[in-house]
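Remarks on the structure that follows.
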Amino acid sequence: MVRITSDILQSVVKPARYTGNEWNSVHKKWEDVSCHFALSMPDVYEVGMSNLGLKILYEILNNREDTWAERVYAPWIDMEEEMRSRNIPLYSLESFTELNKFDFIGFSLQFEMCFTTVLNMLDLSGINVWAKDRGDDEPFIIGGGPCVYNVEPVADFFDLFLIGEAEEALPELVEVFCEWKKEGRPNGRGEFLQRAARVKGIYVPSLYIPQYDEKGMYTGLQIIGEDTPPVIYKRIIQDMDSVATMERPIVPYIDIVHNRIMLELFRGCSRGCRFCQAGVAYRPVRERTESRLREMARKMIDVTGYDEISLTSLSSADYSCLGGLVDNLMNDFSCEKVGFTLPSLRIDSFSIDLADKMQQIRKSGLTFAPEAGTQRMRDVINKGVTEEDLLKATGAAFKKGWKTVKLYFMIGLPTETDEDVIGIAELAQKVVNHYKETTGRKDVKVTISVSCFVPKAFTAFQWFGQNTLEEFSRKQMLIKEHIKDRSIHYNYHDAHVSLLEGVLARGDRRLSGVIYSAWKNGSRFDGWTDQFDESRWARAFEENNIDPGQYNIRERAFDEVFPWEHTTPGVSRAFLKHEYEKAVAESLTKDCRRGDCTGCGICQKLGVNIVDWGKERA
């Protein structure tokens, strides 16, 4: 057991990140369980504690008598310095046990820029960074989350990955482990990994050896073992009402990023935005019933004391019973001053009356994501909304008293022209003008946040090359030059980070050496602006004789073999190619929930019962 003294806590900025013992945290006796599982997000406490997936798995695993799930997050720079100087290993927040004593350490990989932080956490734990070097007494390192649809750049650091949704698959893996442990751990780590690979949705990288041609191009995999599956399809939950979920959220002592109850309405999104990996990875749409959601909300309010509920999903306003649900939730908690928020709103499905009703307790600004500045560009990406939709929604909001609006855009999208880029500034100006026309006042604030497009695996844009640094910078300045109104506030992302993300998002295992070198050069918390150092990565690419442009800038051929297609959400490559062609033709694809099947292949491949929600909920 690690002992953290008061002098250590007094020397760091936020000591409550490292003390544990929060309300609703689970405590068991170490010797009473067979499987010790450390759940982690490779980021600071405030970010990791806000992750809904980890909250759900924490309860599911701890509901098992044979398992104790604990939490661990990345110590911030100040705490890391204290730990290294005093030889204190990374520890769990429930039992204060060193991580190297656990059976599993599970990392939720939300974002490619967390990869070096994973290595840093393993090193702080005294665990071998490379999977091939780990002994039988070391934990199994497992990864999950959105990045699993191309984990090849970090495959050599992990023992296994869970592809897709984990509520049912992770307990199955624990069953396999407990049985292997009961048998006396025969044949060491290799035997367990062979058994684990038979669990649907589990990917064991050591059983797959990537092959390259004489030019260094990826050509495929050599698969080890007769029963090793050539393709690992994602696991999904069929019935969102019956599956175990979070009902006793841990209440932190300090503020966290999402310090409120998160009520997950449904999973999946069928809108079909062509840049969006999540829209493919989480298909098909599966809703919870209104009665189940009200039951969950009641339980979580009672055991936490929170006064705010966020109705979360990829596109929460698409929930088929949203109006009735909000009315009933507000009635359920009418005497308790509980507020409600919809964090993800689409312009075309936005109801200003609903938002106004939900924000009676506390009013905040409104956020919309047009994504592109012109209709042509929105058609390319299949956004399916118009300028008229945006002005109609913002105009209704202005009449209700809102005067703060945030708009999210991307630059560097396929086929983009300077006219499309300038259109971002022009659209923001139209919103400002609309406010003045609607209210007769000038006290509006329109914030535009512009990110750099990153092509992702399993999207229609996985073949496109990314813009260069120079092109991103030029476009960022082009927008700035065309903003003339002081009511418009302009933020844009660091293109260096986006370009590195572009390398890692479509990379192969040869990048593991680059990631390792970058970490050895001092990289961690690369998603944090004040911690990212591009020069460390530039040196790492040079040290490994790898040109990053081969991964992010280069256009891909349609017949190119990709290193990520063996861990798949089930989407058809032919469908993605067709969507690519429709993007170039500026042609829209309808939402399959509101029309015919679009042929992505996911429901059929995964054997999902397709529900006509309009008829089902009518």
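Both backbone and side-chain heavy atoms feed into the values below; hydrogens, waters and symmetry mates do not.
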Margin query: Test of understanding: with side chain to side chain donor-acceptor pair (under 3.5 Å), list the residues that count as partners of T219, not counting sequence neighbours.
Written below: none
Item checked: Axial cation check for F558 ring with K577, 6.0 Å and 45° limits -> yes
Check: With a 6.0 Å cut-off on ring centres, are F453 and F461 close enough?
Finding: yes
Checklist line | Close side-chain approach of V450 and Y490, heavy atoms under 4.5 Å | finding: yes
Item checked: Whether D526 side chain and F532 backbone form a donor-acceptor pair below 3.5 Å -> no
Next item on the list: For the pair S572 (side chain) and A574 (backbone), establish whether a donor and an acceptor sit closer than 3.5 Å, ignoring hydrogens and angles.
Entry: yes
Checklist line | Lys/Arg N to Asp/Glu carboxylate O, R267 vs E167, below 4.0 Å | finding: yes
Margin query: Applying salt bridge (charged side-chain N to carboxylate O under 4.0 Å, His left out), can you list everything that pairs with D591, at least two apart in sequence or on another chain?
Written below: R271, R594
Next item on the list: Report the residue from T386, L390, I424 that forms a side-chain contact (heavy atoms from CB on, under 4.5 Å) with P370.
Entry: L390
Checklist line | Contacts of E579 that satisfy side chain to side chain donor-acceptor pair (under 3.5 Å) - sequence neighbours left out | finding: R274, T589
Next item on the list: Using a strict 4.0 Å threshold on nitrogen-to-oxygen distance, state whether R506 and E152 make a salt bridge.
Entry: no
Next item on the list: Could you tell me which residues satisfy salt bridge (charged side-chain N to carboxylate O under 4.0 Å, His left out) with E387, sequence neighbours excluded, listed by chain and number?
Entry: K430
Next item on the list: Would you mind checking if D420 and R376 are paired as a salt bridge, meaning a charged N to carboxylate O distance below 4.0 Å?
Entry: yes
Check: With K200, which of R235, E172, K234, E168 fulfils side-chain contact (heavy atoms from CB on, under 4.5 Å)?
Finding: R235
Note to self: Between I602 and Y233, is there a side-chain heavy-atom distance shorter than 4.5 Å?
What the structure shows: no
Check: Got a donor-acceptor contact below 3.5 angstrom from the Q462 side chain to the F458 backbone?
Finding: yes
Notebook entry, point to check: Are more than 12 heavy atoms from other residues, nucleotides or ligands located less than 6.0 Å from atom CZ of F158?
Noted result: yes
Next item on the list: For R573, check salt bridge (charged side-chain N to carboxylate O under 4.0 Å, His left out) against everything at least two apart and list the hits.
Entry: E565
Note to self: Check E247 with K55, please: is the shortest side-chain N to carboxylate O separation under 4.0 Å?
What the structure shows: no
Next item on the list: Check salt bridge (charged side-chain N to carboxylate O under 4.0 Å, His left out) between R556 and all other residues, then give those that pass, not counting sequence neighbours.
Entry: E560
Note to self: Closer than 4.0 angstrom, basic N to acidic O: yes or no for R510 and D156?
What the structure shows: no
Notebook entry, point to check: Is a donor on one side and an acceptor on the other found under 3.5 Å between the side chain of R378 and the backbone of G384?
Noted result: no
